[in-house]
**Student:** 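Input: one structure, supplied below.
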Amino acid sequence: MTAQTAEQRDLAAVIGLEVHVQLETATKIFCGCSIQADDDEEPNTRTCPVCLGLPGALPVLNEGAVEAAVKVGKALGSAIPEETRFHRKNYYYPDLPKNFQITQYDAPICDGGSIEFGVDGERRTVEIERAHLEEDPGSLSHAGGSIDTAEYTLIDYNRAGTPLMEIVTAPDFRSAAEARAFLAKLTEVLEYLGVFDVTRNGSLRVDANLSIVDAEAIDDDGSIPSETLESANRTEVKNISSHKGAEKALAYEETRQKNAIRRGREVEQETRHWDESRGITVSMRSKEAEKDYRYFGEADLPPLRVSSWKEEIDIPELPDARRERFREEYGLDAEAAAKLTSTKQVADFYERITERFDPELAATWVADNLLGELHYRDMAITDVAERLDEFTRLVELVDTDEITVKNAEEIVLRRMLDDGLAPDEIVDAEGLGKTDDDAVAAAVEEAIEENPDAVEDYHSGEGGALNFLVGQVMAKTGGSADPGTVNELLRERLEE
């Protein structure tokens with residue numbers, strides 16, 4: 001192929017993901033060490049002979065990790081086989097104390113499944129090939145921050161043995177944006193299941209496999225012949241730890257590979273490291289083949305049989321179902337329902353508010369006012385979950401006409417978040433109780449008498465004159481009058 005022909009090739013990306021999810025259990029997957037890291041913990045202290053791989057130490061499977069895995073499988077629509085087994089994946093890397101990883105090979109606990117998600121206004125479905133349990137290695141800290149320039153590397157085995165679930169997709173993604181949207185939806189589902197904490201450091205890590213093929217090789221339905229995939233060299237990109245990072249890493253790698261092909265160079269099959277600080281991928285090692293890991297059965301763990309037990313494991317209402325129920329039960333539009341089910345914590349918060357107030361009023365205060373103010377402060381609903389009673393009281397103050405909506409939004413809510421005060425404290429301190437009707441009427445009269453030019457402009461058809469007079473009345477009442485009432489009183493008085 002000539003260089004000119006290579007430059008003219010229409011190329012497309014083929015992407016598959018391996019998503020490593022930390023399961024929320026009390027202890028590690030094969031020992032009794034806690035997975036909860038203390039703020040001041042020293043390296044290599046949350047360990048034992050089992051997770052350090054010392055001679056004679058035997059693993060014992062964590063029942064909670066198995067239950068969490070079954071929940072994930074049921075949510076993905078996976079088959080849960082009659083019997084599943086553990087294997088040893090043999091390779092040497094400094095963060096792997098045993099020189100092998102206990103994982104699952106040809107008998108995963110979850111087989112198949114799919115996830116549907118939205119991207120750029122379209123619905124996409126990505127097939128799940130498998131999801132299996134395994135142990136996490138330790139963590140590496142590269143002095144200087146970059147794997148290829150570090151003077152030395154420190155190893156901490158506190159994380160070794162943490163329960164992971166690896167979710168492997170089919171190569172169904174065609175862009176970095178699709179991968180990011182998929183990860184957002186997967187995270188949402190996992191949070192609803194209660195098996196995953198997105199705030200925990202290192203709770204989600206992604207290995208992404210990317211190949212470049214000729215666009216004409218992709219069938220109309222988006223499928224790619226197996227021989228095309230087998231003939232295309234692929235790179236595996238590691239060290240991706242966020243949705244945004246996945247999109248950036250894959251966009252960079254797609255561009256890098258396409259540029260190489262168009263320049264007439266062959267893409268090497270290799271493992272690359274995503275250097276987030278520099279926004280590039282760097283070569284780590286040649287890509288291993290499956291045979292390089294020398295899988296064999298883990299003799300210290302018996303076969304796992306959960307097919308009957310899985311029927312006893314319930315899963316909660318998942319985000320798509322809850323979103324649809326909110327629309328039907330509460331009459332919300334699609335946008336509001338999406339906001340209010342963005343996380344399980346937000347949805348629970350909203351439903352607690354609706355127990356006392358009109359669903360539409362509750363939606364306005366949670367979806368628009370509260371979430372907007374939290375986002376502005378880089379906060380989450382979990383930061384105020386324990387103050388549900390206080391926010392319920394704020395909605396009550398508005399619902400019973402004790403304070404104006406404007407003051408509730410612009411003063412009370414903001415001071416609640418900034419100063420940690422209760423709504424009644426703020427109302428008393430700021431004097432925000434609504435002005436009585438007589439006082440409002442008196443303020444209207446004063447505003448008219450003191451601003452004859454504005455009155456004349458109003459009668460001349462100047463639209464801004466009325467707004468000016470409303471502002472004068474609001475100033476006289478300290479903002480405690482209802483703007484709608486003021487507007488109505490002014491119109492009545494000016495039309496006399």
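Quick note: numbers below take in every heavy atom, side chains included, and nothing from hydrogens, waters or symmetry partners.
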**Student:** Tell me which one of Glu266, Glu268, Gln257 satisfies side chain to side chain donor-acceptor pair (under 3.5 Å) with Asn233.
**Tutor:**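 For Asn233, the side chain to side chain donor-acceptor pair (under 3.5 Å) test succeeds with only one of Glu266, Glu268, Gln257, which is Glu266.
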**Student:** Are more than 12 heavy atoms, taken from residues, nucleotides or ligands other than Lys74, located less than 6.0 Å from that residue's NZ atom?
**Tutor:**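 Yes, the 6.0 Å shell around NZ holds more than 12 heavy atoms from other groups.
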**Student:** For Glu134 and Thr103, does a side-chain donor sit closer than 3.5 Å to a side-chain acceptor?
**Tutor:**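 Side-chain D/A pair, Glu134 to Thr103: present.
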**Student:** Determine yes or no for a side-chain-to-main-chain donor-acceptor pair under 3.5 angstrom, with Asn158 supplying the side chain and Asn44 the backbone.
**Tutor:**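 Checked: pair present.
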**Student:** Take the angle between the ring planes of Trp274 and Tyr252 and call it parallel below 30°, perpendicular above 60°, tilted in between.
**Tutor:**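 Because their plane-to-plane angle lies in the 30° to 60° range, the rings of Trp274 and Tyr252 count as tilted.
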**Student:** Tell me, please, which residues at least two apart from Glu24 pass side chain to side chain donor-acceptor pair (under 3.5 Å).
**Tutor:**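 Only Arg200 meet the side chain to side chain donor-acceptor pair (under 3.5 Å) criterion with Glu24.
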**Student:** Less than 4.0 angstrom from a charged side-chain N to a carboxylate O is my criterion; do Arg393 and Glu390 meet it?
**Tutor:**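 Salt bridge: no.
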**Student:** Could you tell me whether Arg415 and Glu430 make a salt bridge, using a distance below 4.0 angstrom between a side-chain N and a carboxylate O?
**Tutor:**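 Here Arg415 pairs with Glu430 in a salt bridge, since their nearest N and O are under 4.0 Å apart.
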**Student:** Salt bridge (Lys or Arg N to Asp or Glu O under 4.0 Å) with Glu324: which residues, sequence neighbours excluded?
**Tutor:**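 Scan of Glu324 (salt bridge (Lys or Arg N to Asp or Glu O under 4.0 Å), adjacent residues dropped) gives none.
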**Student:** Partners of Asp368 by salt bridge (Lys or Arg N to Asp or Glu O under 4.0 Å), sequence neighbours excluded?
**Tutor:**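 Partners of Asp368 under the salt bridge (Lys or Arg N to Asp or Glu O under 4.0 Å) test: Lys339.
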**Student:** So Phe391 and Phe349, do their side chains get closer than 4.5 Å, heavy atoms only?
**Tutor:**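 When only atoms from C-beta onward are counted, Phe391 and Phe349 do touch, with a gap below 4.5 Å.
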**Student:** Could you list the residues that satisfy side chain to side chain donor-acceptor pair (under 3.5 Å) with Arg414, not counting sequence neighbours?
**Tutor:**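 Arg414 satisfies side chain to side chain donor-acceptor pair (under 3.5 Å) with Glu373 once adjacent residues are dropped.
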**Student:** Tell me which pairs pass side chain to side chain donor-acceptor pair (under 3.5 Å) where either residue lies in residues 53-63, with sequence neighbours left out.
**Tutor:**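 Every pair satisfying side chain to side chain donor-acceptor pair (under 3.5 Å) with a residue in residues 53-63: Thr27-Asn62.
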**Student:** Working to the nearest 0.5 Å, report the span between CD1 of Ile240 and NE2 of His20.
**Tutor:**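 Here the interatomic distance stands at 11.0 Å.
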**Student:** Any ion pair linking Glu122 and Arg124 (charged N to carboxylate O, less than 4.0 Å)?
**Tutor:**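 No, Arg124 and Glu122 are not salt-bridged.
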**Student:** Residues in side-chain contact (heavy atoms from CB on, under 4.5 Å) with Asp120, at least two apart?
**Tutor:**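 Asp120 satisfies side-chain contact (heavy atoms from CB on, under 4.5 Å) with no other residue.
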**Student:** Any ion pair linking Arg46 and Asp156 (charged N to carboxylate O, less than 4.0 Å)?
**Tutor:**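 The answer is no: the pair does not qualify as a salt bridge.
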**Student:** Examine distances only and state if a side-chain atom of Gln101 and a backbone atom of Glu135 form a donor-acceptor pair shorter than 3.5 Å.
**Tutor:**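 Such a contact is found between Gln101 side chain and Glu135 backbone.
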**Student:** Quick one: do Arg356 and Glu396 make a salt bridge, cutoff under 4.0 Å?
**Tutor:**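 Looking at Glu396 together with Arg356, the answer is yes, because their closest N to O distance falls below 4.0 Å.
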**Student:** Check for me whether Lys98 meets the cation-pi criterion with Phe100, that is, NZ or CZ under 6.0 Å from the six-membered ring centre and within 45 degrees of the ring axis.
**Tutor:**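 Yes, Lys98 lies over the aromatic ring of Phe100.
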